[in-house]
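Values below: all heavy atoms of this structure, side chains included; hydrogens, waters and symmetry mates excluded.
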Amino acid sequence: MLFEIEIPTREEFELIDVTPIIEEKVRESGTKDGIAVIFTRHTTTALLINENESGLLEDVKEFFESFIPKGKGYRHDRIDSNAHSHLRSIILNPSLTIPIKDGRLLLGTWQSVIFAELDGPRRRKLFVKICEC
Ligand code: ZN
């Protein structure tokens, strides 16, 4: 079963916990044991799994802003001004695979699925493919 989810983002760089949305789709699919593949089709978004703690999310943003700063004379900025967003996306992941057990995502206690908007605000799409297996 394939679900398409709209994610309207509000900031240029935003980390959004999408775990409740994915869990809802797992329930809707009726899958008890299987896998969920979560995929973003954009070149300036990404997915990650980590703890949804406000301080940590600010640390993650600060890390990327200093590791890959904006406007560092990148060639792609000549046409699009968002090379830093592409580069940040490249070192993250466009997809995640999570096992489903007893009708729920098999995430650890402190794990959340986080959607990273790296060049917002925009209307984004997230795909969730859920298979019984
Ligand atoms: Zn671009």
Side-chain angles (χ1 to χ4, degrees):
M1 210 172 276
L2 181 69
F3 297 93
E4 185 177 329
I5 300 160
E6 278 236 3
I7 303 182
T9 63
R10 282 169 290 172
E11 293 167 36
E12 188 187 341
F13 188 171
E14 188 177 359
L15 299 171
I16 303 165
D17 187 345
V18 292
T19 317
I21 305 170
I22 313 294
E23 288 278 15
E24 186 191 306
K25 299 303 175 196
V26 172
R27 273 195 299 278
E28 214 176 304
S29 76
T31 303
K32 295 294 167 213
D33 283 282
I35 54 167
V37 176
I38 305 146
F39 179 66
T40 171
R41 297 173 77 194
H42 310 287
T43 55
T44 54
T45 62
L47 289 158
L48 55 118
I49 292 180
N50 220 290
E51 185 177 346
N52 180 12
E53 189 278 316
S54 58
L56 178 65
L57 298 183
E58 286 305 311
D59 292 337
V60 170
K61 285 169 78 171
E62 213 176 285
F63 168 74
F64 278 100
E65 282 159 0
S66 64
F67 188 56
I68 303 171
K70 194 175 175 176
K72 213 184 121 191
Y74 306 109
R75 290 167 198 81
H76 182 66
D77 284 348
R78 291 190 295 233
I79 58 155
D80 214 6
S81 302
N82 66 353
H84 63 288
S85 311
H86 290 281
L87 294 172
R88 290 172 188 175
S89 165
I90 283 167
I91 61 166
L92 289 164
N93 296 298
S95 72
L96 298 171
T97 306
I98 305 173
I100 296 165
K101 186 175 184 283
D102 303 324
R104 299 207 58 198
L105 294 172
L106 192 63
L107 290 166
T109 311
W110 304 108
Q111 286 185 317
S112 289
V113 180
I114 295 167
F115 178 83
E117 169 61 82
L118 304 167
D119 190 32
R122 294 181 196 228
R123 295 193 74 77
R124 300 298 200 171
K125 275 182 187 162
L126 192 59
F127 290 85
V128 183
K129 177 80 180 175
I130 298 170
C131 305
E132 186 94 43
C133 59

#### Entry: Any D80 side-chain heavy atom under 4.5 Å of H86 side chain
yes
### Task
Quick one: which residue pairs count as a salt bridge (charged side-chain N to carboxylate O under 4.0 Å, His left out) with a foot in residues 53-66, not counting sequence neighbours?
E11-K61
### Query
Are any non-hydrogen side-chain atoms of I114 and V60 less than 4.5 angstrom apart?
no
### Message
Would you say L105 ends up clustered with F115 if hydrophobic residues are merged whenever their side chains have heavy atoms under 4.5 Å apart, either directly or through other cluster members?
### Response
yes
### Query
Are L15 and W110 joined in one hydrophobic group, where the rule is that I, L, V, M, F, W and Y side chains link up if heavy atoms are under 4.5 Å apart?
no
### Query
If you count the non-hydrogen atoms of other residues, nucleotides and ligands that lie under 6.0 Å from CZ in F63, is the total more than 12?
yes
#### Entry: Rounded distance (nearest 0.5 Å) linking atom NZ of K72 with atom CG of L87
9.0 Å
### Message
According to a hydrophobic-cluster definition based on side-chain heavy atoms being under 4.5 Å apart (Ile, Leu, Val, Met, Phe, Trp, Tyr only), do V37 and V113 belong together?
### Response
no
### Message
Tell me which one of R122, R124, R88, R10 satisfies salt bridge (charged side-chain N to carboxylate O under 4.0 Å, His left out) with E117.
### Response
R124
#### Entry: side chain to side chain contact (heavy atoms under 4.5 Å, CB included) evaluation trace for K125 with E4
CA-CA 7 Å; K125 275 182 187 162; E4 185 177 329; 2.9 Å; yes
### Query
Do D17 side-chain atoms and T19 backbone N/O form a donor-acceptor pair below 3.5 Å?
yes
### Message
So does A46 get a backbone contact from the side chain of S89, meaning a donor-acceptor N/O pair under 3.5 Å?
### Response
no
### Task
Show the numbers, then the answer: is there a salt bridge (charged side-chain N to carboxylate O under 4.0 Å, His left out) between R27 and E24?
CA-CA 5 Å; R27 273 195 299 278; E24 186 191 306; 5.4 Å; no
### Query
Would T40 and I7 count as a side chain to side chain contact (heavy atoms under 4.5 Å, CB included) if you check the C-alpha gap in whole Å, the side-chain angles of each, and the deciding distance to 0.1 Å?
CA-CA 11 Å; T40 171; I7 303 182; over 6 Å; no
### Task
Please examine the side chains of N93 and L48, heavy atoms only from C-beta on, and report whether any two atoms are closer than 4.5 Å.
no
### Task
Please lay out, stage by stage, how I68 and Y74 fare under the test side chain to side chain contact (heavy atoms under 4.5 Å, CB included).
CA-CA 11 Å; I68 303 171; Y74 306 109; 3.7 Å; yes
### Query
Would a 4.5 Å heavy-atom cut-off, applied to side chains only, mark K129 and C131 as touching?
yes
### Task
Flag yes if I98 and I35 sit in one hydrophobic cluster, no otherwise; membership is Ile, Leu, Val, Met, Phe, Trp, Tyr, and two members link when side-chain heavy atoms are under 4.5 Å apart.
no
### Criterion side chain to side chain contact (heavy atoms under 4.5 Å, CB included) on L126 and L47, from CA distance to verdict
CA-CA 10 Å; L126 192 59; L47 289 158; 3.9 Å; yes
### Task
Following the transitive rule for hydrophobic clusters with a side-chain heavy-atom cut-off under 4.5 Å over Ile, Leu, Val, Met, Phe, Trp and Tyr, establish whether I5 and I16 coincide in one cluster.
yes
### Message
Please give me the minimum heavy-atom distance between A36 and I130, naming the atom from each residue.
### Response
CB-CG1, 4.2 Å
### Query
Salt bridge between E23 and R104, side-chain N to carboxylate O under 4.0 Å?
yes
